[in-house]
Amino acid sequence: MLKKIKSIFLKKNSKSAIEFYLIDAFEIYHFLPLYLYLKDKKINVNFVAEPCFSNTSKKWFDYKNALRILKELKLHFYTKCNENAKIAFTTQRVELLDKYKNIKARLSYGIGLNNSNFSIDKNSFEGFNLIFIHGQYQKDKLKKDNAYIIGYPKYDYFKDLPFKDLTSIYNIHTKKPILLYLPTYDEDSSIQKFAPFIKSLQEDFFIVSKPHHCTARLKDKKTDFLLLKELSNVLLSPNETLFDCVRLADFVLVDAKSGASSEIVYIDKNIKFILLSPRKYCLEQYFNQDILECSKIVNNPKNLKEAILQASYPYKKPINYFYKDKSYLNLDLIFKELSRYL
């Protein structure tokens with residue numbers, strides 16, 4: 001009965017041609033360049049933010065935060081999907097689009113540096129009519145004819161925005177180099193294993209951490225969030241864009257499983273960083289030697305300071321193997337493929 005009562009107040013656009021179905025607030029920024037591009041093409045495109053009781057992800061969705069961002073950015077959105085929309089997008093597995101009857105598309109995000117990563121797992125791409133990926137690396141791994149390389153439109157979009165001075169916003173005043181720490185949230189998070197060792201780096205660095213949005217909001221991650229807060233001189237909002245955060249940093253510590261491990265190089269090809277893993281036998285889980293210098297993955301926190309001193313650009317293959325250059329221009333390619341179904 002409660003669901004029936006709530007559904008009366010849900011707003012649905014029965015004429016949407018394309019919908020971006022949200023199950024996390026971070027996806028808004030990911031879809032935004034394509035949304036704006038399609039709006040310019042006079043396509044009826046909308047975001048959909050269904051509340052947790054009706055969202056296909058159930059309790060996972062940070063619904064209130066998503067609504068706040070959508071309203072702040074003045075984006076068109078609805079709180080109930082149009083199951084008859086011609087095309088529906090997700091960044092997740094196809095079952096998140098179970099309510100939709102027509103074309104299902106996936107827009108990939110980030111490439112983590114482990115062999116079983118979500119970004120190269122064939123199972124996570126099954127069931128889609130259209131797949132839009134970042135570069136040749138994913139194409140080689142997935143071997144799917146309906147996968148189109150488009151680069152990473154989100155970051156090219158952010159390059160066009162005015163510079164966001166995080167030092168001013170967060171009142172950062174220091175003569176020390178700024179170390180940016182980017183941990184993930186799940187079993188591959190480095191926080192618990194590395195926290196005291198990272199905190200000791202405050203002697204030489206001003207430590208700025210950006211928590212994963214799940215670390216910041218999930219109850220079972222409260223201990224990790226408190227540890228992260230304790231080791232940091234400044235704790236950023238999880239909603240700050242990675243693009244702005246990397247421009248703030250002189251050095252980055254990033255979890256190897258996180259998509260940020262490759263994205264930071266796409267943002268700044270000269271950035272110095274170290275990859276972290278809590279796994280004792282992490283080298284068996286990650287890329288082979290022709291792609292990555294595995295010695296740059298640190299899984300023993302006692303080796304952290306020495307690894308920082310020896311840090312250098314660790315990728316043997318150029319970053320455009322992972323992310324195609326000038327991706328914002330490739331929105332035309334997406335539109336060409338979408339137009340077949342509009």
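Since we're looking at a predicted model, the values are computed, not measured. Along the sequence shown, the residues carry numbers beginning at 1.
Side chains of L248 and T167 form a contact here, defined as non-hydrogen atoms less than 4.5 Å apart. Y148 places a side-chain heavy atom less than 4.5 Å from the side chain of L130. Here the side chains of T215 and I191 are in contact, with some heavy-atom distance below 4.5 Å. No side-chain heavy atom of K39 sits less than 4.5 Å from a side-chain heavy atom of L36. Inter-residue side-chain proximity for I103 and K86 is flagged as unmet; no heavy-atom pair is nearer than 4.5 Å. Between Y21 and C81 the shortest side-chain heavy-atom distance falls below 4.5 Å.
Counted within 6.0 Å of NZ on K176, heavy atoms from surrounding residues, nucleotides or ligands total more than 12; the atom is thus considered enclosed. For K64, the NZ atom counts as loosely surrounded, since its 6.0 Å shell holds 12 or fewer non-hydrogen atoms of other residues, nucleotides or ligands. For E203, the CD atom is loosely surrounded, since the number of other residues' heavy atoms within 6.0 Å does not exceed 12. Residue D220 places its CG atom among more than 12 non-hydrogen atoms of other residues, nucleotides or ligands, all under 6.0 Å distant.
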Exercise for review: Could you walk me through whether Y109 and Y152 pass ring-ring contact (aromatic ring centres under 6.0 Å, His included), step by step?
Suggested key: CA-CA 8 Å; Y109 68 91; Y152 214 152; 8.4 Å; no
Point to revise | Trace of the salt bridge (charged side-chain N to carboxylate O under 4.0 Å, His left out) decision for K305 with D204 | key: CA-CA 10 Å; K305 285 190 176 181; D204 302 307; 5.0 Å; no
Exercise for review: Report the C-alpha separation of K99 and E19 in whole Å, then their side-chain angles, then the decisive distance to 0.1 Å, and conclude whether the salt bridge (charged side-chain N to carboxylate O under 4.0 Å, His left out) test is met.
Suggested key: CA-CA 12 Å; K99 294 183 179 183; E19 293 191 345; over 6 Å; no
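Placement of Y63 and I23 in two distinct hydrophobic clusters is found when ILVMFWY residues are connected by side-chain heavy-atom separations under 4.5 Å, directly or transitively. Note on L22: it clusters hydrophobically with Y35, by side-chain heavy-atom contacts below 4.5 Å among ILVMFWY residues. Cluster annotation: W60 and L97 are assigned to the same hydrophobic cluster (Ile/Leu/Val/Met/Phe/Trp/Tyr, side-chain heavy-atom contacts under 4.5 Å, transitive). F206 is connected to I271 through a chain of hydrophobic side-chain contacts under 4.5 Å among Ile, Leu, Val, Met, Phe, Trp and Tyr, so both are in one cluster. When the side chains of ILVMFWY residues are joined at heavy-atom separations under 4.5 Å, either directly or via intervening members, I133 and Y37 end up in two distinct hydrophobic clusters.
The only option from P211, C214, S258 that meets the side chain to side chain contact (heavy atoms under 4.5 Å, CB included) definition with T184 turns out to be S258.
For the pair K15 (side chain) and N44 (backbone), a donor-acceptor distance under 3.5 Å is absent. Checking side-chain atoms of D188 against main-chain N and O of K257 turns up no donor-acceptor pair under 3.5 Å. H134 contributes a side-chain N or O that, together with a main-chain N or O of G151, makes up a donor-acceptor pair within less than 3.5 Å. In this structure, the side chain of E27 does not engage the main chain of T90 through any donor-acceptor pair within 3.5 Å.
Judged purely by distance below 3.5 Å, without hydrogens or angles, the side chains of D224 and Q192 pair a donor atom with an acceptor atom. Looking only at atom types and distance, the side chain of N46 has a donor-acceptor partner in the side chain of S16 under 3.5 Å away.
Ion pair D121/R93 flagged as a salt bridge, since at least one NZ, NE, NH1 or NH2 atom sits closer than 4.0 Å to an Asp/Glu carboxylate oxygen. Note on R68 versus E72: salt bridge recorded, some NZ/NE/NH1/NH2 to OD/OE distance being below 4.0 Å. We find that K12 and E50 are not joined by a salt bridge, their nearest charged nitrogen and carboxylate oxygen being 4.0 Å or further apart.
Both tests do not hold together for R106 against F132: distance to the six-membered ring centre under 6.0 Å, angle to the ring axis within 45°. For K41 and F335, the positive end sits near the middle of the six-membered ring, less than 6.0 Å away and at most 45° from its axis.
Judged as a side-chain contact (heavy atoms from CB on, under 4.5 Å), and not counting sequence neighbours, the contacts of V94 are K104, F128. Shown here are the ring pair (Phe, Tyr, Trp, His ring centres under 6.0 Å) partners of F31, two or more places apart in sequence or in another chain: F20. The ring pair (Phe, Tyr, Trp, His ring centres under 6.0 Å) check on Y321 picks up Y137, with sequence neighbours excluded.
Atom CZ of R279 is separated from atom CD of E187 by 6.0 Å, given to the nearest 0.5 angstrom.
Under the 30°/60° scheme for interplanar angles, the aromatic rings of Y155 and F158 are found to be tilted.
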